[in-house]
Amino acid sequence: MKNIGYTQKKYRCEVKRYCQTLDLKDNPELISEYKLNHSREKIWPEIIEGIKSVGILEMEIYIWGTRLFMIVETPLDFDWDSAMEKLSALPRQQEWEDYMSIFQSALPGSTSSDKWKQMERMFHLY
């Protein structure tokens, strides 16, 4: 893989960023299928709509081996806990989480906020 950078969207407001991690099961076929399920063609539209409806501006997931790294950008007044509670109650959200647990090192029945672990920022340049 070439060393490439990813452009970042500009917003009309200041944003804050949440960084989270999650591990996948160490199975190349499952990882391939997990990636396919997150493609624009396969991801469930209700999941995208739900993410946007709770106030998330952008969500990116990166992968290295079995390790996932997710960046979530939100407005400054975003409340993570209340948004995740609302998200978990939306139609098809728990069905999606249960389906994704096939691929993830997580227990079935877990919500997104149960599975993804917040990372602590330990350095920044600016």
Side-chain angles (χ1 to χ4, degrees):
M1 180 177 185
K2 293 181 180 181
N3 289 326
I4 60 172
Y6 300 95
T7 58
Q8 196 173 0
K9 185 175 178 179
K10 302 249 188 251
Y11 303 99
R12 295 176 190 247
C13 63
E14 288 189 66
V15 298
K16 59 184 173 181
R17 179 178 287 171
Y18 297 86
C19 298
Q20 300 182 304
T21 189
L22 173 69
D23 290 323
L24 295 175
K25 294 177 180 172
D26 191 4
N27 178 315
E29 291 82 23
L30 286 178
I31 291 171
S32 201
E33 189 175 342
Y34 186 82
K35 290 169 73 172
L36 181 64
N37 279 297
H38 283 80
S39 69
R40 294 210 182 273
E41 297 79 27
K42 294 284 186 177
I43 195 161
W44 301 354
E46 299 92 341
I47 300 307
I48 299 297
E49 292 166 19
I51 290 167
K52 292 178 180 179
S53 77
V54 299
I56 292 173
L57 301 171
E58 180 62 273
M59 179 182 285
E60 299 174 321
I61 301 175
Y62 297 84
I63 187 168
W64 182 68
T66 60
R67 173 72 39 98
L68 299 176
F69 175 67
M70 180 166 61
I71 301 170
V72 177
E73 292 178 338
T74 69
L76 292 180
D77 62 352
F78 184 83
D79 180 276
W80 183 269
D81 292 334
S82 63
M84 291 305 105
E85 185 177 330
K86 181 179 175 185
L87 183 65
S88 69
L90 292 176
R92 299 206 72 195
Q93 185 66 37
Q94 192 57 51
E95 182 184 354
W96 173 260
E97 297 301 341
D98 290 342
Y99 178 43
M100 291 300 106
S101 71
I102 295 168
F103 310 98
Q104 301 164 337
S105 293
L107 297 173
S110 298
T111 64
S112 178
S113 59
D114 292 332
K115 295 189 269 186
W116 287 91
K117 301 303 175 196
Q118 291 282 348
M119 299 178 79
E120 175 186 355
R121 181 167 74 176
M122 55 173 261
F123 171 82
H124 63 93
L125 187 58
Y126 52 88

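Residue numbers run from 1 in the order of the sequence given. These values consider heavy atoms only, across backbone and side chains, with no hydrogens, waters or symmetry-generated copies.
Proximity of a side-chain donor or acceptor of K16 to a complementary backbone N or O of L76 within less than 3.5 Å is detected.
Taking CD of Q94 as the start and OG of S101 as the end, the distance is 8.5 Å to the nearest 0.5 Å. Interatomic distance, CH2 of W116 versus OG of S110, reported as 13.5 Å (0.5 Å rounding). Taking CD1 from I47 and NZ from K52, the interatomic distance works out to 13.0 Å, rounded to the nearest 0.5 Å. Between the CE atom of M119 and the OH atom of Y18 there is a distance of 16.0 Å, given to the nearest 0.5 Å.
Judged as a salt bridge (Lys or Arg N to Asp or Glu O under 4.0 Å), and not counting sequence neighbours, the contacts of D23 are R67. Residues meeting the side chain to side chain donor-acceptor pair (under 3.5 Å) test with Q8, sequence neighbours left out: E73.
Applying the salt bridge (charged side-chain N to carboxylate O under 4.0 Å, His left out) test to every pair with at least one member in residues 98-126, sequence neighbours left out, gives these pairs: E97-K115. For residues 26-47, the pairs satisfying salt bridge (charged side-chain N to carboxylate O under 4.0 Å, His left out) are E46-R92, with sequence neighbours left out.
Both I48 and Y99 belong to a single network of hydrophobic side chains, linked directly or stepwise wherever heavy atoms of I, L, V, M, F, W or Y lie under 4.5 Å apart. Hydrophobic clustering, with ILVMFWY side chains joined whenever heavy atoms are under 4.5 angstrom apart, keeps I71 apart from I51. Clustering ILVMFWY residues whenever any of their side-chain heavy atoms sit less than 4.5 angstrom apart, transitively, puts I61 in a cluster other than the one holding L36. Linking ILVMFWY residues whenever their side-chain heavy atoms come closer than 4.5 Å, directly or via other members, places I63 and M70 in the same cluster. Note on F69 and I31: separate hydrophobic clusters, where clusters join Ile, Leu, Val, Met, Phe, Trp and Tyr whose side-chain heavy atoms are under 4.5 Å apart, directly or indirectly.
Other cluster members for L125: F123, joined by side-chain heavy-atom distances under 4.5 Å among Ile, Leu, Val, Met, Phe, Trp and Tyr.
Closest heavy-atom contact between P75 and G55: CD-O, 3.3 Å. When all heavy atoms of N37 and W96 are compared, the pair lying nearest together is O-CH2, 3.5 Å. Contact between L30 and I102 at its shortest, heavy atoms only, is CD1-O, 3.9 Å. Listed here is the closest heavy atom pair of L90 and S53: CD1-OG, 3.6 Å.
Under the 3.5 Å distance criterion, with hydrogens and angles disregarded, a donor-acceptor pair is assigned to the side chains of Q104 and Y34.
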Using atom types as modelled, flag every donor-acceptor pair under 3.5 Å from a side chain in residues 78-87 to any protein atom, sequence neighbours excluded.
{"unit_1": "D79", "atom_1": "OD1", "unit_2": "D81", "atom_2": "N", "d": "3.4"}
{"unit_1": "D79", "atom_1": "OD1", "unit_2": "S82", "atom_2": "N", "d": "2.7"}
{"unit_1": "D79", "atom_1": "OD1", "unit_2": "S82", "atom_2": "OG", "d": "2.8"}
{"unit_1": "S82", "atom_1": "OG", "unit_2": "D79", "atom_2": "O", "d": "3.3"}

>> Assess the residue pair L24 and L68 against the criterion (side chain to side chain contact (heavy atoms under 4.5 Å, CB included)); give the C-alpha distance rounded to whole Å, side-chain angles, the decisive distance to 0.1 Å, and a yes or no.
In response: CA-CA 7 Å; L24 295 175; L68 299 176; 3.7 Å; yes

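Side-chain contact between H38 and M100: present, with at least one pair of heavy atoms (C-beta onward) separated by less than 4.5 Å.
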